[in-house]
There are 4 protein chains.
Amino acid sequence: MPNESTPSGRTGRPRSAAADAAILAATRDALVELGWSKLTMGDVSARAGVAKTTLYRRWAGKNELVVDAVAELFDSLELPDRGCLEADVENVVLQFAALLRRPEARTALMAVVAESTRDPALRDRIRSAIVDRQKRLVVLGRERAQARGELPREPDEAVAERTTDLIFDVIAGTVVHRALVSSEPVDDLWAASFTALLMHGLRGSAGA
Amino acid sequence: MPNESTPSGRTGRPRSAAADAAILAATRDALVELGWSKLTMGDVSARAGVAKTTLYRRWAGKNELVVDAVAELFDSLELPDRGCLEADVENVVLQFAALLRRPEARTALMAVVAESTRDPALRDRIRSAIVDRQKRLVVLGRERAQARGELPREPDEAVAERTTDLIFDVIAGTVVHRALVSSEPVDDLWAASFTALLMHGLRGSAGA
Amino acid sequence: MPNESTPSGRTGRPRSAAADAAILAATRDALVELGWSKLTMGDVSARAGVAKTTLYRRWAGKNELVVDAVAELFDSLELPDRGCLEADVENVVLQFAALLRRPEARTALMAVVAESTRDPALRDRIRSAIVDRQKRLVVLGRERAQARGELPREPDEAVAERTTDLIFDVIAGTVVHRALVSSEPVDDLWAASFTALLMHGLRGSAGA
Amino acid sequence: MPNESTPSGRTGRPRSAAADAAILAATRDALVELGWSKLTMGDVSARAGVAKTTLYRRWAGKNELVVDAVAELFDSLELPDRGCLEADVENVVLQFAALLRRPEARTALMAVVAESTRDPALRDRIRSAIVDRQKRLVVLGRERAQARGELPREPDEAVAERTTDLIFDVIAGTVVHRALVSSEPVDDLWAASFTALLMHGLRGSAGA
DNA sequence: GATTAAACGAGACGGTACGTCCGGTCTTGTG
DNA sequence: CACAAGACCGGACGTACCGTCTCGTTTAATC
């Protein structure tokens, strides 16, 4: 995960595993203190107690480094069984909002996405390190709801995948937009409104 | 809009109005060619045939400049009456997706949002120049649907505003996430699926 | 003299004259403290209170900078009339030796000559800034000796120039070799021996 | 000669003798191709097919390595008996000039001398490896000339040594200065002029 | 023949300097 | 006063070498 292009040769001094961890931790610290745009490679290497060359030997640049540093934050998201689909959705929305309140996640996520618009390799990295990994939450939530009888089973595999993607984009996109673009708080009330909308649609009940 | 702190003095040579337009156009061109991160103030000033000092006299920095340069792109979004709510939603989704296919919008939008996580003034500028202006589309769509009887009228003004915000975040956020984070195409099929979900909710019909 | 390729454009802010002087002085200080090989451009710019870019705008690199910084040291050499040729020669030998005792001259002179073996432009710069300027001492000494009747007049101009060059190489080369290669002191005794040899040749008198 | 501090332990794998030769040859090659300042230890080790550690085990640094690599070039100088002192001097001048036309000698000699101005150990190494070894030429030439009756015998040993040193500095210094500082060719004509001056002194004959 | 201890290749490591680029400010002269 | 031009200070960039350090692998001399 951490490195760039492993030389895989078995001769020579092996790369320090401790350095990887120190660098990623230093990167997160620097993101908290400085934010994306003022984070510098030199500063990260200094914080990690590591030479700049060591850093560049493993990551091609700031973008790749930050994606890896931030990706694992998303692994903390969980989906405990709250008994019904509404509660599960509301819970994951609030968890995600809490994550987006962390300064390192706020500043880094949008920045790497912005950079990725011009860099296909970075785009792939984001997808594999963040997006695809968190789709597990949607998959799990759907299976659970289907087991409860709250949602019908998908007969077709391809349709199931497209639905997973759609739900993921709706939930993640809406929360990110609320939190970072509209800059409004994601609180319990809003989470309930959003969950209701997601459950019943615009025409469903009152609409709010 | 363009300037930073109006000098308001009535004496001396007045600022060139042509310069503003040239600078914003140059900024958009540079965004297309270079993307956000490689765009430089010096380059913009050179493209615009303007001295760097002239540029800094009007905008405080790259962030402010790019917000202004990009904001007006969003004004091109329209909401022609397609006869029913589904069609109106689907249309605005596809329009927004087309906008996000423009390189200057792709690269700039996420970048300024990323910067805004650490800069309240920039956050406000984004909100007033982009977010709030485009909420008109939701307001208009809702009013039209209510006139058609597709949606109930909101008795309470505050609730109406919260609903507007929510719908805006859902639509804009989901499309942005699909296009820029998941990096998947927003085509007619997807737009239809998303619209269906938005109309009827997860429990509504088939769920896709 | 100081700069590299004067832009000669008359618009824009003119280059600071004070910066040139500060840079050359800083260079000499750094040579004294650090010697040629540990002198860095960054250190010079810091000592001079000047940005690195300012330094590179005027000199192409360390070599060119040091030649200019050191060249003017050689202008301190003088040739007061001591009454006879022997005394004049002995005096200039001792002056040159004193100059080569200065750390900045010692370390810089040989270093730039070493670099010049691979850089024709630097070779020319050394010749014009140092070598040719100091030949004046030989020319003056010869004229004075000829006036005194100690040396015959040269009928041919070309021969005169070749003789000037030869004498210059003998005196300067011998002193430099004694001081820097053989690493032996150039004291009064040695200066007298050398002068005697130069006057009368190996076969002349005792030979020492 | 090659190594730094002999380990003298009698057990363990002995140092490869072939490596020494390969390293010195690689150093000379690199000097020819790159010159002193662009020669790097890593490059030398790669050319020699040797690890950097092997190189550093034997030489303390670039300076020491280059002195050793270049010193033996000077051993090629010889003093065949040309029948008279003038001819012998002229011959050695031309030989030395030919040596200074070799790029590895040109670039290395001045560079190590420059470095030696700040490094007494290097100064000693140059003196013992180069200077003192070549004084044999002066000693031999003097003895031969004395045997021919061209020069008087020195009664005093100390005076003899001082004279040897002086003549060495005059010849070596002048040729080096002509070739490397003044950057003028050392051809037959110049060699004859210099020899004449050395024989008869400024007052001797015509002076050129 | 087994042991042993150093030399060896490979290459990662913490540093330092490089020369370039950009950000933002300032100082000219001109309009 | 605005403006074009461009010099200025500061600071980060990504690269190149430095000299050191770990690795696993030879290679002789000693046992």
Side-chain angles (χ1 to χ4, degrees), chain A residues 7 9-16 18-19 37-46 48-58 60-62, chain B residues 7 9-16 19 37-46 48-62, chain C residues 7 9-16 18-19 37-46 48-58 60-62, chain D residues 7-16 19 38-46 48-62:
Chain A
R10 67 218 172 285
T11 82
R13 178 172 172 177
R15 289 192 182 164
S16 159
S37 62
K38 296 193 177 171
L39 176 147
T40 70
M41 296 297 268
D43 183 73
V44 168
S45 74
V50 141
K52 256 198 306 177
T53 41
T54 298
L55 212 161
Y56 279 108
R57 206 175 287 124
R58 293 155 198 241
K62 196 166 139 170
Chain B
R10 64 212 171 289
T11 144
R13 175 172 169 179
R15 288 190 184 165
S16 158
S37 63
K38 297 194 175 169
L39 176 148
T40 69
M41 297 299 267
D43 183 73
V44 169
S45 74
V50 142
K52 266 200 297 178
T53 37
T54 299
L55 211 161
Y56 279 107
R57 209 172 285 123
R58 293 155 199 238
W59 285 277
K62 194 166 141 172
Chain C
R10 66 215 171 287
T11 84
R13 177 173 171 176
R15 288 192 183 164
S16 159
S37 62
K38 297 194 176 170
L39 176 147
T40 69
M41 297 297 269
D43 183 74
V44 168
S45 73
V50 142
K52 259 199 302 178
T53 40
T54 299
L55 212 162
Y56 279 108
R57 206 174 288 123
R58 293 156 199 240
K62 196 166 140 168
Chain D
S8 76
R10 64 212 170 291
T11 145
R13 176 174 172 179
R15 288 190 183 165
S16 159
K38 297 194 175 169
L39 177 147
T40 69
M41 297 298 268
D43 183 73
V44 169
S45 74
V50 142
K52 264 200 299 176
T53 37
T54 300
L55 211 162
Y56 279 107
R57 210 173 285 124
R58 294 155 199 238
W59 285 277
K62 194 166 141 171

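We use all heavy atoms of the structure for the numbers below, so side chains are in, but hydrogens, waters and symmetry mates are not.
- For the pair B:Asp43 CG and E:dG23 P, the interatomic distance rounds to 9 Å; values are reported in whole Å.
- Every residue meeting the side chain to side chain contact (heavy atoms under 4.5 Å, CB included) condition with D:Thr40, not counting sequence neighbours, appears here in chain and number order: D:Asp43.
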Notebook entry, point to check: Based on Watson-Crick and G-U pairs with both distances under 3.5 Å, what dot-bracket line describes DNA chain E 5' to 3', crossing pairs as [ ] and inter-strand pairs as |?
Noted result: |||||||||||||||||||||||||||||||
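- Nucleotide E:dT16 holds its P atom 20 Å from the CE atom of D:Met41, rounded to whole Å.
- Between B:Val50 and B:Leu55, the shortest heavy-atom distance links the atoms CG1-N, 4.3 Å.
- Both B:Leu39 and A:Gly49 sit near DNA chain E, but only A:Gly49 has its closest nucleotide nearer the 5' end.
- Nucleotide F:dG14 holds its P atom 9 Å from the NZ atom of A:Lys62, rounded to whole Å.
- Rounded to whole Å, atom C1' of E:dA10 lies 13 Å from atom CZ of A:Arg15.
- If you measure from atom CZ of A:Arg57 to atom C1' of F:dG14, you get 14 Å, rounded to the nearest angstrom.
- Residues satisfying the side chain to side chain contact (heavy atoms under 4.5 Å, CB included) criterion with A:Lys52, sequence neighbours excluded, are A:Ser45, A:Tyr56.
- The side chain to side chain contact (heavy atoms under 4.5 Å, CB included) check on A:Ala46 picks up nothing, with sequence neighbours excluded.
- Atoms CZ (D:Arg58) and P (E:dA7) sit 9 Å apart, rounded to a whole Å.
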Notebook entry, point to check: Using a cut-off of 4.0 Å between protein heavy atoms and nucleotide atoms, how would you tag nucleotides 20-26 of chain F 5' to 3' with B, S and -?
Noted result: BBB---B
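- Under the side chain to side chain contact (heavy atoms under 4.5 Å, CB included) criterion, D:Ala51 pairs with D:Thr53, D:Thr54, sequence neighbours left out.
- Atom P of nucleotide F:dA12 and atom CG of A:Leu55 are separated by 15 Å, given to the nearest angstrom.
- Along DNA chain F, the nucleotide closest to C:Thr54 and the one closest to D:Lys38 are compared, and the more 5′ of them pairs with C:Thr54.
- Using a 4.0 Å heavy-atom distance criterion, C:Gly61 is classed as making no nucleic acid contact.
- Remark: C:Thr40 is not in phosphate contact with E:dT16, judged by side-chain N or O atoms under 4.0 Å from OP1 or OP2.
- Nearest heavy atom pair, residue C:Arg58 against residue C:Ser16, reads NH1-O, 3.0 Å.
- When the nucleotides F:dG19, E:dC8, F:dA2 are ranked by their closest atom to the side chain of D:Ser16, E:dC8 comes out on top.
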